[in-house]
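Notes follow once the structure below has been shown.
Protein chains get the first letters and strands the later ones, always in sequence-line order, with residue 1 at the start of each.
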Amino acid sequence: MQISEGCDNGPRLADSIAQWSQWQLLDSLLPTGGFAHSFGLEAAVQSNLVSNPDELKTFIIHVLENTGSLLLPFVHLASVSPKLETWHNLDKILDATLTNEVSRKASISQGSALMRVGSAVFSELPSLKTMRNASLGSGTISFHHAPIFGLICGTLGLDSTDSQRAYMYITMRDVISAATRLNLIGPLGAAVLQHQLAPNAEAILEKWKNRDVDDACQVAPLLDTVQGCHGYLFSRLFSS
Amino acid sequence: MGNEQEDKEMEMGSIVVEKVGGRSSVVHCFSRYPVKFIIPKKVGSSRTDVVWVYALNYGGGIVSGDQILCKFSVGDCCTMVLTTQGSTKVYKSVGSKCSKQLLEARVGSNALLAIIPDPVTCFSTARYYQKQVFNVSSNSNLVIVDWITSGRHESGEKWDFDLYRSINNIFLEDGEPLFLDTMSLEKEKIGCIHELVQDYQVIAMILLLGPKLQFVQNLVQDKVKGIMSEQLQHPSGALSHKRNEAGYFISKPSLMASCSVFGTKIAVILNLDGKVMISNYNIILWASSRLEIMELVLSSCLLRTIVF
């Protein structure tokens with residue numbers, strides 16, 4: 001049997017390289033500014049809604065639940081159709097859907113950073129840079145996080161379910177990171193918690209994945225209110 | 001929303017308000033069972049140009065499987081208020097049927113529509129779906145109060161219903177979405193609703209849109225900021241253990257409120273979670289009666305002290 005090295009290794013090599021890119025996208029080392037946001041945790045602590053480890057765990061689950069119900073549709077649709085028109089449409093709808101000012105601003109700041117970093121880092125995918133430049137000029141695109149995350153995942157070759165799972169992953173990663181910086185939990189405890197919550201996050205993903213934006217909804221009204229209170233905090237560590 | 005035929009079957013009420021002789025007047029009013037409109041002639045000061053509409057459901061509530069559609073049109077420069085005579089009770093679901101209440105409203109240029117009903121109370125196992133769609137012009141004004149209580153307190157029902165979904169969508173003239181908000185509390189999907197809402201008994205959303213409401217928007221923003229800043233402590237560091245040992249007992253705030261600006265800075269939405277019992281409806285902090293809200297809004301000046 002002849003082994004032709006060239007064409008046989010081609011696709012496998014491409015897949016392997018793609019995995020490096022996918023892991024980099026989820027790595028907290030990527031400078032996207034995710035750590036400026038506490039997802040309402042700081043406000044929850046200051047209003048005594050979270051004051052012990054059980055309440056912290058419950059809080060994180062609620063954040064994940066609301067992420068699933070409200071934001072996964074945007075990640076899903078952007079990842080299956082990583083095109084300019086789809087992205088712009090989703091961005092516009094999400095801007096009207098994120099009625100909470102604090103969450104909306106956080107989404108815009110994270111999305112802008114992610115698009116800037118993504119288009120610079122994954123330079124072998126010129127579409128990202130092209131789309132970014134086309135949108136900066138227009139002034140009507142807000143650069144919301146969820147659609148951009150889906151867009152980049154789709155462009156990197158992740159399928160829709162993996163893209164949505166990835167979004168749940170980084171959300172959980174960022175809330176838990178915020179918890180350690182707020183001194184609610186130590187680094188080892190945080191890692192243990194992150195692993196414990198993986199099945200919860202997966203179950204939430206199963207429940208809310210692959211939905212249309214028309215179905216996007218809030219399921220945690222108290223969380224939404226708490227997140228909106230961030231601006232009233234006297235002293236704060238996070239921007240949201 | 002379904003085809004025209006479905007719409008016709010579901011349409012239980014419609015009202016059109018236009019200027020007649022310089023005053024907001026009802027030029028068309030239709031309602032059929034189970035909906036009834038009451039339009040009193042004299043409400044509030046005669047100086048204010050406004051049409052007040054009370055919407056009632058025969059039987060005092062929404063029965064399992066009811067599908068109700070009401071359409072409203074508020075002409076240019078007109079003012080209309082839509083309210084209720086008592087809280088909207090949603091009775092228990094029979095055979096897993098969902099009750100639906102749909103509202104479509106068109107608000108003209110420089111017009112004001114205020115939807116300020118009593119809260120919705122879903123009984124145990126109730127399934128309720130509410131959708132309100134507003135088509136507005138760039139200078140339309142809109143007040144929407146959308147609120148729900150935890151249930152029948154006397155019967156010990158707290159967040160015991162099966163489904164509550166409330167949708168409020170606002171579109172501009174060109175069809176562009178301005179505000180898309182859906183809240184969904186579904187026992188089957190999220191398990192114990194009580195856990196998501198904790199000890200709060202009321203959830204309310206108040207939306208203020210439009211140039212005529214600028215003064216009220218500013219007032220509300222300042223008021224909420226003032227109340228919440230007081231409630232929020234300084235950061236305390238590590239969790240629970242130290243507190244428990246020292247014997248602290250720190251309670252959660254009885255009211256959680258946040259006020260957001262959206263759109264092109266001409267609108268404000270307010271989310272409230274009130275811990276009060278349903279017997280006192282003092283959830284709306286800045287007016288103890290609907291009349292006060294409207295007088296405040298219409299005359300754009302402070303008539304009464306805003307009382308908490």
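Across every non-hydrogen atom of B:L185 and A:P221, the tightest pair is CD2-CD, 3.9 Å. Minimum heavy-atom separation, A:L222 to B:V197: CD2-O, 3.9 Å.
Using a 4.5 Å cut-off between heavy atoms, A:T58 contacts chain B through its side chain alone, with no backbone atom that close. Looking at B:I190, both its backbone and its side chain come within 4.5 Å of chain A, counting heavy atoms on both sides. In this structure, chain B has heavy atoms under 4.5 Å from both the backbone and the side chain of A:I93.
Checked against A:T99 for a side chain to side chain contact (heavy atoms under 4.5 Å, CB included), the options B:L207, B:L180, B:D181 give a single hit: B:D181.
Listed by chain and residue number, A:H145 satisfy the side chain to side chain donor-acceptor pair (under 3.5 Å) test with A:Y167 (two or more places apart in sequence, or in another chain). Taking A:D162 as the reference, A:R165 meet the salt bridge (Lys or Arg N to Asp or Glu O under 4.0 Å) condition, with sequence neighbours excluded.
Listed by sequence position, B:E176, B:P177 are the residues of residues 161-177 of chain B in contact with chain A, using a 4.5 angstrom heavy-atom cutoff. Annotation: residues 60-68 of chain A contacts chain B through A:H62, A:E65 [non-hydrogen atoms, separation under 4.5 Å].
For A:Q196, the CD atom sits in a packed shell: over 12 heavy atoms of surrounding residues, nucleotides or ligands are nearer than 6.0 Å. Around the NZ atom of A:K207, the shell of radius 6.0 Å holds more than 12 heavy atoms that belong to other residues, nucleotides or ligands. More than 12 heavy-atom neighbours from other residues, nucleotides or ligands sit within 6.0 angstrom of NZ on A:K209.
In terms of heavy-atom pairs under 4.5 angstrom with chain A, the leader among B:E186, B:K189, B:M183 is B:K189. Interface summary for chain B: among A:A96, A:C217, A:G228, the most heavy-atom pairs under 4.5 angstrom belong to A:A96.
Using a distance-only test at 3.5 Å, with no hydrogens or angles considered, no donor-acceptor pair links the side chain of B:S260 to the main chain of A:N100.
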